[in-house]
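Before any comments, here is the structure.
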Amino acid sequence: QVQLEESGGGSVQAGGSLRLSCAASGDTFSAVCVAWFRQVPGKEREGVAAVRIGEPRTWYGDSVKGRFTISQDTAANTVNTVYLQMNSLNPADTARYYCATAVPGCGPSWSNHWRYNYWGQGTQVTVSS
């Protein structure tokens, strides 16, 4: 069983950047889809980005394309960390950000949060104007 822990959230001004990290413990990421979601109170959880471990293809939500980049730590033989680089942040990006894993892969349904079986506790991102 894998445990996920997000970090890197904080408060920034509009136009700024943050890098979120999703670290796996208990098991490494292997042959799974790892995705970032975000949620604000009273709204549906929104898919932000996804990557299948060990493969280069990525998926992004329309609202973050061109600004956010998802990547995986390939320094070691196994992947333990997935990152979300967030640039050109704006107040609409304010949310709690979660990472999650799903098997077997990402695909067209990557943004359906019900597919994901393991979730972290989330990290808060606040963007001020």
Side-chain angles (χ1 to χ4, degrees):
Q1 182 173 345
V2 64
Q3 290 83 45
L4 304 176
E5 183 174 4
E6 304 92 338
S7 62
S11 297
V12 295
Q13 291 190 327
S17 299
L18 284 173
R19 188 175 82 156
L20 306 183
S21 299
C22 174
S25 60
D27 198 356
T28 58
F29 293 126
S30 177
V32 298
C33 177
V34 179
W36 286 95
F37 287 80
R38 65 186 183 186
Q39 191 171 25
V40 296
K43 290 192 176 182
E44 186 81 6
R45 194 163 288 194
E46 176 190 7
V48 175
V51 63
R52 179 168 167 82
I53 297 302
E55 299 179 7
R57 187 175 177 183
T58 54
W59 291 260
Y60 293 96
D62 289 342
S63 63
V64 305
K65 283 180 182 176
R67 300 187 299 122
F68 290 12
T69 303
I70 190 170
S71 62
Q72 50 192 299
D73 181 4
T74 57
N77 291 330
T78 58
V79 177
N80 292 316
T81 307
V82 171
Y83 303 100
L84 183 68
Q85 178 67 43
M86 306 187 297
N87 298 328
S88 301
L89 286 162
N90 61 65
D93 296 314
T94 295
R96 190 162 186 85
Y97 285 70
Y98 300 86
C99 65
T101 63
V103 290
C106 298
S109 63
W110 72 269
S111 62
N112 292 335
H113 62 82
W114 50 262
R115 289 192 54 214
Y116 293 80
N117 47 0
Y118 294 110
W119 292 81
Q121 294 299 308
T123 185
Q124 180 67 33
V125 172
T126 302
V127 185
S128 58
S129 58

query = Under a 4.5 Å cut-off applied to non-hydrogen side-chain atoms, are Y116 and W110 in contact?
reply = yes
ask   = Considering all heavy atoms of both residues, which atom of S63 and which atom of E46 are nearest to each other, and what is their separation?
value = OG-OE2, 3.0 Å
key: Pairs flagged by salt bridge (Lys or Arg N to Asp or Glu O under 4.0 Å) wherever residues 99-125 is involved - sequence neighbours left out   = none
note = Rounded to the nearest 0.5 angstrom, the CZ-OG distance for R19 and S71 is 7.0 Å
message = Can you confirm whether more than 12 heavy atoms, excluding those of Q39, are under 6.0 Å from its CD atom?
response = yes
note = Minimal heavy-atom distance between W36 and L84, with the atoms involved, is NE1-CB, 3.5 Å
ask   = Backbone N or O of Q121 within a donor-acceptor pair of the E6 side chain at under 3.5 Å?
value = yes
ask   = In terms of hydrophobic clusters joined by side-chain contacts under 4.5 Å, are Y83 and V32 together?
value = no
query = ring pair (Phe, Tyr, Trp, His ring centres under 6.0 Å): which pairs involve residues 1-20, sequence neighbours left out?
reply = none
query = Does V48 belong to the same Ile/Leu/Val/Met/Phe/Trp/Tyr cluster as V127, with side-chain heavy atoms less than 4.5 Å apart forming each link?
reply = yes
key: Partner residues of Y98 under the ring-ring contact (aromatic ring centres under 6.0 Å, His included) criterion, sequence neighbours left out   = none
query = Of Y97, W119, W114, which meets ring pair (Phe, Tyr, Trp, His ring centres under 6.0 Å) against F37?
reply = W119
request  = Give the minimum heavy-atom separation between A14 and S129, together with the two atoms involved.
outcome  = CB-CA, 4.3 Å
query = What are the two closest heavy atoms between L4 and Y118, and how far apart are they?
reply = CD1-O, 3.5 Å
note = Applying salt bridge (Lys or Arg N to Asp or Glu O under 4.0 Å) to K43 and not counting sequence neighbours gives none
task = Check salt bridge (Lys or Arg N to Asp or Glu O under 4.0 Å) between E55 and all other residues, then give those that pass, not counting sequence neighbours.
result = R52
inquiry  = Minimum heavy-atom separation for C106 and W59, please, with both atom names.
reply    = CB-CZ3, 3.3 Å
inquiry  = Could you check whether any side-chain heavy atom of T69 comes within less than 4.5 Å of a side-chain heavy atom of T58, counting everything from C-beta outward?
reply    = no
task = Would you check if the side chain of T123 reaches a backbone N or O of G9 as a donor-acceptor pair within less than 3.5 Å?
result = yes
remark   = All heavy atoms of T94 vs all of V40, minimum pair found to be O-CG1, 3.1 Å
note = Here the salt bridge (Lys or Arg N to Asp or Glu O under 4.0 Å) pairs for residues 78-98, sequence neighbours left out, are R38-D93, R67-D93
message = Taking atom CD as the centre, does Q3 end up with more than 12 heavy-atom neighbours from other residues, nucleotides or ligands that are less than 6.0 angstrom away?
response = yes
query = Taking side chain as C-beta onward, heavy atoms only, is I70 less than 4.5 Å from V82?
reply = yes
query = Once you round to the nearest 0.5 Å, how far does SG of C22 lie from CG of D73?
reply = 12.0 Å
